[in-house]
Protein chains: 2
Amino acid sequence: MVTIYDVAKKAGVSATTVSHVVNGTRTVAPTTEKKVRDAIRTLKYRPNVLARSLRQSRSNVIGLLLPDCRNPFYAELARSIEERAYKSGYSVMICNSSYNQDREREYVETLANGRVDGLIVAPLRSKSETIDACRDRGLPTVVVDRISDSVLVDQVVINNEYAGAQAAKYLLKLGHRQIGCITYLENWTATADRRLEGFRRTLNEAGVDLPDDAVVYSDFQFLGGQAAMEELLTKGPILTAVFACNDLMAAGALIALRRAGFRVPDDISVLGFDNSIEAVITSPALTTFSQPIADLCGASVNQLLQLMNGETNRPRRHVFNAPLVERESCAPPPSNTKPRGKAGVAVMDSKG
Amino acid sequence: MVTIYDVAKKAGVSATTVSHVVNGTRTVAPTTEKKVRDAIRTLKYRPNVLARSLRQSRSNVIGLLLPDCRNPFYAELARSIEERAYKSGYSVMICNSSYNQDREREYVETLANGRVDGLIVAPLRSKSETIDACRDRGLPTVVVDRISDSVLVDQVVINNEYAGAQAAKYLLKLGHRQIGCITYLENWTATADRRLEGFRRTLNEAGVDLPDDAVVYSDFQFLGGQAAMEELLTKGPILTAVFACNDLMAAGALIALRRAGFRVPDDISVLGFDNSIEAVITSPALTTFSQPIADLCGASVNQLLQLMNGETNRPRRHVFNAPLVERESCAPPPSNTKPRGKAGVAVMDSKG
DNA sequence: TCTCGGTTTACAATCGATTGCCAAATCGAT
DNA sequence: ATCGATTTGGCAATCGATTGTAAACCGAGA
């Protein structure tokens, strides 16, 4: 490896001068500068970023710790964060915890000690030592997508409970009364469970029950959603609508329903979440909630940049909303006796 | 930050001893070891990975440079590579070139100088200075998915020309004669263009023409595929089958066809590539070619590990095959006058 | 010739670890 | 008590940069 001393020797100057030429940190006489630049070019010298980082105690890298980059929502998040970070001169190191607590902890250990200047993390659990570990090390940290119990860390999230409530209102308005839900492990992430909470509360307020066997806990993945829908069909009550807490599971549900001979949305409605590419390419296309990814990433990166600049305001929670995107997968229930018109204009169905 | 010297002082030993306790590189008396471990626990000491890497000139990180992790094929590739690397004690730094040459070059600059021990890259172009830059720096490098012109670098790819030929044979066997193709920029990646090459050659050998206006160059993305299909419908010849060089574009083509009132596969067949999740959730599900991701990643990581261990065999090219996966999106052409039976059993259509 | 002010360059310490080499301590055997 | 072998532990150099401090240099004015 060619070092700064090799360049110095070839240019006939000291390493100090080479460093100042490379970084433009002090005025250097034009003739000296030329000698140095020539030497750099001849030797193909590149500064060793490790040595520089060690000395300056900053690496210009930020870490991004996600459950799984195959989930299109996280993939989109990763790209968007990387884009913003790049514009601010930072590279991004993306790591997948693979929905594994130990892996998550290990990655924090690996990342926290010098390798990154800051960390954006979508933690697996709300109550996790991961976040505490970051705080202990004094590592600037922002929690994104998922809520952490810790009040000492900045968080960037959507209002999941509100979105769940909107989901319920939408299905109720369409006339549904037999409603099910495919969600994620209980009390883990403060995402799917909050959506379920708002969903259930709003249904109850409207006098509609959400029985236990109409709720299936799955894994946010395609096959999981498919299996969950099959379980609902075999073991659950008769349903006219299902709210799946992400698009991948909703897509799985569509497949299970098609195989079982149901037509969506004629026989049963399916409501997704995320507005990922999956929502567009399924047939029928999914009615879903749009994750405000640009907002989430903008807020996360800005907040992290502030933290890394030493601005230590009291931690805050940035909250955004996920608006409903209507496509084709939701419609009034098949034997609907309620008015179908939008604003109360009664349009009786065949029974009327 | 608490350093090894802080621990040494608290434990009443030298930094040397602490280092050996942490790394298990020398026998340490049990009582001494206990003192050191207690001090480490009390002070919450963590070794600074930068300092360690600088001294050992290895970081235990490998870089992965991809065009775009939102593409499900690359997302899957990234996860699989990370999984294998993790098992060998390496972390993975994933970077997106975003289909941008400059970005690709900059990332190589950033990664190559100490930050990573090796690099797996899916370069944007076959003829690119990116690979040369890696070689100049002596960075162990493996090219994956795409072929590089450089004969001095290890490559792990599928046989795209063969797969293209198989695509042609399959459509010919179904009875198609009016065939189109949605591919990627010409002469860039040695993936889509090779597929097209094998595709065209095999069609020609069967006496079937692939006219210029039946080939559209797109961008490997969903919207691009949709636009490409629209272009084929408006400006191209009448077609009974389209080969899209990846599933995302095939999914886009399906949408365009549905909007234009075509039924797939009754009116027109669509053949995809990658066998990503998209191929399963579209309706109809895509007949496609299965990327042997496990093979690709296994070979890439193994090869890179060998390179990083200093084993410098002559660079080789690992080639795998992508088998056809039949689903629902391909069928005989609508007004087919050929036998439809599988093994020559003549089943005449309505014209018969 | 000497001094002064400003510019340009170099010396040497430092970041936080690892590690080759040597010294001290311990032990058992004679 | 002495010696040699074996453990155990520390000193100091090193990785490749950055940077505070000080020295060298240069032309101008006294």
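Below, chain A is the first sequence line, B the second, and so on; all start at residue 1. Worth knowing before you read on, the calculation uses all heavy atoms, side chains too, and leaves out hydrogens, waters and symmetry mates.
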Distance-only donor-acceptor test, R26(B) side-chain atoms vs dG10(D) base atoms, 3.5 Å = yes
Can you check whether any acceptor in the base of dT19(C) is under 3.5 Å from a donor in the side chain of T25(B), or vice versa?
-> no
Base, sugar-phosphate alone, or nothing: which one does T32(B) contact when heavy atoms must sit under 4.0 Å apart?
-> sugar-phosphate
Considering just the side-chain nitrogens and oxygens of S57(A), establish if one lies under 4.0 Å of OP1 or OP2 belonging to dC15(C).
-> no
Sugar-phosphate, base or nothing in reach of R58(A), heavy atoms under 4.0 Å = nothing
Record whether the side chain of T16(B) comes under 3.5 Å of the base of dC11(D) through a donor-acceptor pair of N or O atoms.
-> yes
Paired to dT30(C) by Watson-Crick or G-U wobble criteria (both distances under 3.5 Å) is dA1(D)
Integer-rounded Å distance: dT14(C) C1' and N48(B) CG = 14 Å
Starting from the C-alpha separation in whole Å, work towards a yes-or-no answer on side-chain contact (heavy atoms from CB on, under 4.5 Å) for L304(B) and Y90(B).
-> CA-CA 11 Å; L304(B) 189 63; Y90(B) 286 88; over 6 Å; no
Residue that, paired with H20(A), satisfies side-chain hydrogen bond (donor to acceptor under 3.5 Å, both in side chains) out of T32(A), T25(A), T27(A) | T25(A)
Charged N-O contact under 4.0 Å between K9(B) and D6(B) | no
Between D154(A) and R316(A), is the closest basic N to carboxylate O distance under 4.0 Å?
-> no
Record whether the side chain of R52(B) comes under 3.5 Å of the base of dT18(C) through a donor-acceptor pair of N or O atoms.
-> no
